[in-house]
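Contents: one structure, followed by commentary.
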Amino acid sequence: MSRKKAKKLIIKTKLEIIPTTPFHFDSTIYKPGHFSTTDTEWIAGKRWQTTLWQEETLGLLFEDKGTLMKPKINLYVFSERKLTKDFLRSVRNEMVYRFNLDLDLKEFIDSFKHDLVLRACLKKLKGMRPMTHGSLYDYLVIAIVLQNAPVRRSVSMMQSLFENYGVLLRYDRKELYCMWKPEVMANVPEEELRKLKIGYRAKSLIRVSKPFARGEINEMELRKKSPEEQKKILLGLYGIGPQSVGYIMGDIFHHWDFLEHISPWEGKILSKIIFGTKIDRPVSEKKLLEFFEKYEKYKALAANYIWEDIFWKRKTQKIDWLEKEIRL
DNA sequence: CATCAGGGCCCTG
DNA sequence: CAGGGCCCTGAT
């Protein structure tokens with residue numbers, strides 16, 4: 001696949017964000033458990049991330065300029081043309097939402113800082129927020145390429161989708177792909193996608209893109225609806241089932257208590273960490289869900305802290321049993 | 001070489 | 001509500 005010519009984003013604007021405290025920059029801004037894609041790059045203290053926001057292809061750079069208790073982020077917005085104040089404000093607000101920079105963690109931390117399981121996680125990751133860098137549509141695309149595939153294959157599917165339908169951006173001496181507009185994907189013939197080795201997911205990708213292309217799903221409106229309504233609408237999308245919805249309810253809609261389902265591969269890992277079971281002898285899903293009951297309205301947030309903790313650990317030390325489970 | 005499961009979901013009976 | 005089939009890939 002030949003590389004596209006990159007679109008240059010020559011206008012650079014600096015915005016400032018003061019997150020709520022405590023704020024842990026790196027564990028919020030970067031998730032080692034997520035598979036890596038070419039729309040983003042991370043080094044300690046910095047994350048580059050492209051985004052399609054209100055039809056505008058943007059390059060973002062988040063820079064850590066603060067501390068745990070005195071946090072500050074410089075958010076640089078790179079664009080092709082000059083942006084209005086209102087537009088920039090909307091970008092800022094959206095990033096505060098997506099990265100949960102206004103989340104109040106105090107109650108959660110106070111309630112569980114002595115919890116046997118969470119104690120260690122909080123010690124290291126206190127101030128971390130769950131985060132998803134992109135829109136609901138971005139997330140649905142990722143959810144679809146994840147399905148029934150080893151991580152490695154998901155990565156290559158995502159890459160060929162970017163190469164064929166994404167927009168290559170050049171900013172801050174980086175070249176990164178940006179998400180395509182839903183209307184692009186909505187009109188791709190299924191055969192064309194299948195040639196990219198997307199497999200049967202091609203149908204889901206196209207069908208999920210259509211209501212977004214037609215403006216029938218408005219993410220901002222959806223955020224205001226009840227969890228029940230959100231769930232119903234998501235499950236109505238072809239190719240989106242309970243597992244994907246479980247992720248979306250937390251990551252996109254910020255329901256920290258939504259934990260209805262733990263998939264087998266996740267169950268194996270959590271069971272080992274929480275109950276010390278052998279990796280191939282996990283406790284039942286039911287027992288895991290019962291365990292998380294004690295975290296009440298923070299069930300999903302607690303699971304997220306445990307999850308991120310193990311993947312951060314994996315970055316610095318080798319965890320043999322985990323390597324086998326992830327199967328890169 | 002064949003077989004199989006993998007970070008699910010849809011459809012059928 | 002259980003179970004087969006689905007694209008493709010790399011592991012066995």
Side-chain angles (χ1 to χ4, degrees), chain A residues 1 30-37 40 130-134 136 138-165 185 188-211 230-252 258-273 279-282 284-286 288-289 300 303-304 306-315 319-328:
Chain A
M1 182 54 58
Y30 173 67
K31 305 296 178 184
H34 294 183
F35 69 84
S36 63
T37 46
T40 189
M131 167 285 272
T132 181
H133 67 270
L136 171 61
D138 294 60
Y139 206 106
L140 290 166
V141 170
I142 293 169
I144 289 167
V145 302
L146 270 175
Q147 292 168 14
N148 203 27
V151 176
R152 196 192 174 83
R153 187 164 173 227
S154 299
V155 170
S156 82
M157 283 191 273
M158 206 57 220
Q159 183 59 21
S160 64
L161 288 171
F162 271 141
E163 286 173 3
N164 284 276
Y165 308 108
M185 190 58 66
V188 173
E190 187 177 331
E191 276 318 299
E192 188 181 312
L193 272 188
R194 281 183 177 254
K195 284 197 191 100
L196 301 179
K197 304 179 194 301
I198 303 304
Y200 59 84
R201 298 165 198 79
K203 194 172 164 189
S204 309
L205 271 182
I206 294 165
R207 285 184 62 172
V208 158
S209 299
K210 286 187 190 289
Q230 292 168 339
K231 213 169 112 179
K232 203 176 121 206
I233 289 168
L234 293 172
L235 285 172
L237 295 169
Y238 185 90
I240 300 301
Q243 179 65 10
S244 303
V245 170
Y247 293 142
I248 291 171
M249 292 302 274
D251 286 344
I252 295 284
F258 191 94
L259 191 67
E260 295 186 346
H261 181 59
I262 298 173
S263 67
W265 78 278
E266 292 165 319
K268 283 163 75 180
I269 294 173
L270 289 174
S271 181
K272 179 168 171 62
I273 296 169
I279 193 67
D280 287 315
R281 290 243 173 296
S284 65
E285 182 190 27
K286 186 164 166 285
L288 270 173
L289 290 174
N304 186 267
I306 298 171
W307 194 254
E308 293 303 325
D309 181 49
I310 190 74
F311 277 93
W312 273 100
K313 207 178 277 173
R314 174 173 173 264
K315 265 200 104 64
I319 307 174
D320 286 336
W321 62 266
L322 187 56
E323 294 310 310
K324 216 169 86 251
E325 295 313 305
I326 301 174
R327 215 171 301 224
L328 292 170

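Proteins come first, then strands; the chains are lettered A, B, ... in the order of their sequence lines, and each starts at number 1.
Note on A/Lys272 versus A/Glu325: no salt bridge recorded, every NZ/NE/NH1/NH2 to OD/OE distance being 4.0 Å or above.
Taking atom C1' in both C/dC1 and B/dG7, one finds a spacing of 24 Å when rounded to whole Å. Using P as the reference atom, B/dT12 and C/dC7 are 15 Å apart when rounded to the nearest Å.
For A/Tyr200 against B/dG8, a side-chain N or O and a base N or O form a donor-acceptor pair under 3.5 Å.
The nearest whole Å value for the distance from the CD atom in A/Glu285 to the P atom in B/dG8 is 13 Å. We find that CH2 of A/Trp265 is positioned 8 Å from P of B/dG8, with the value rounded to whole Å. Rounded to a whole Å, the CE atom of A/Met158 is 20 Å from the P atom of C/dC7. Rounded to whole Å, the distance from NZ on A/Lys203 to C1' on B/dC9 is 11 Å. One can place OH of A/Tyr139 at 11 Å from C1' of B/dG7, the figure rounded to the nearest angstrom. For the pair A/Leu146 CG and C/dC6 C1', the computed distance is 17 Å after rounding to whole Å. Between the CZ atom of A/Arg153 and the P atom of B/dA5 there is a distance of 16 Å, given to the nearest Å. Note: CD1 (A/Ile144) to P (B/dG7) measures 18 Å, nearest angstrom.
Side chain of A/Tyr238, nearest nucleotide from B/dC9, B/dC11, C/dC8: B/dC11. Among the nucleotides C/dC7, B/dG7, B/dC9, the one closest to any side-chain atom of A/Ile326 is B/dG7. Looking at the side chain of A/Val151, the nearest of the listed nucleotides B/dG7, B/dC9, C/dC7 is B/dG7. For A/Arg152, counting side-chain heavy atoms from C-beta on, the closest listed nucleotide (C/dG10, B/dC9, B/dG6) is C/dG10.
Base pairing analysis places C/dC7 opposite nothing; no Watson-Crick or G-U wobble pair with both distances below 3.5 Å involves it.
A/Pro242 comes within 4.0 angstrom of sugar-phosphate atoms only, judged by non-hydrogen atoms across all strands, and of no base. Here A/Gly33 lies in heavy-atom contact (under 4.0 Å) with a base. Using a 4.0 Å heavy-atom distance criterion, A/Ile262 is classed as making no nucleic acid contact. Note on A/Gly199: a base of the nucleic acid sits closer than 4.0 angstrom, heavy atoms only.
Atoms CG and OH, on A/Leu234 and A/Tyr247 in that order, are 14.5 Å from each other to the nearest 0.5 Å.
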Determine, step by step, whether A/Glu308 and A/Met131 satisfy the side chain to side chain contact (heavy atoms under 4.5 Å, CB included) criterion, reporting the C-alpha distance in whole Å, the side-chain angles of both residues, the deciding distance to 0.1 Å, and the verdict. CA-CA 11 Å; A/Glu308 293 303 325; A/Met131 167 285 272; over 6 Å; no
I'd like to know whether A/Ile248 forms a side chain to side chain contact (heavy atoms under 4.5 Å, CB included) with A/Leu140, so could you lay out the CA-CA distance, the side-chain angles of the two residues, the decisive distance to 0.1 Å, and finally the verdict. CA-CA 8 Å; A/Ile248 291 171; A/Leu140 290 166; 3.5 Å; yes
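Applying the 4.0 Å criterion to OP1 and OP2 of C/dC7, one finds that A/Arg194 has a side-chain N or O inside that range. Residue A/Ser244 has no polar side-chain atom (N or O) positioned under 4.0 Å from OP1 or OP2 of B/dG8.
Nearer to the 5' terminus of DNA chain B, by closest-nucleotide assignment, is the contact made by A/Tyr247 (compared with the other of A/Gly239 and A/Tyr247).
No donor-acceptor pair closer than 3.5 Å links the side chain of A/Arg207 to the backbone N or O of A/Gly239.
Side-chain N/O atoms of A/Glu192 and A/Tyr165 include a donor and acceptor closer than 3.5 Å.
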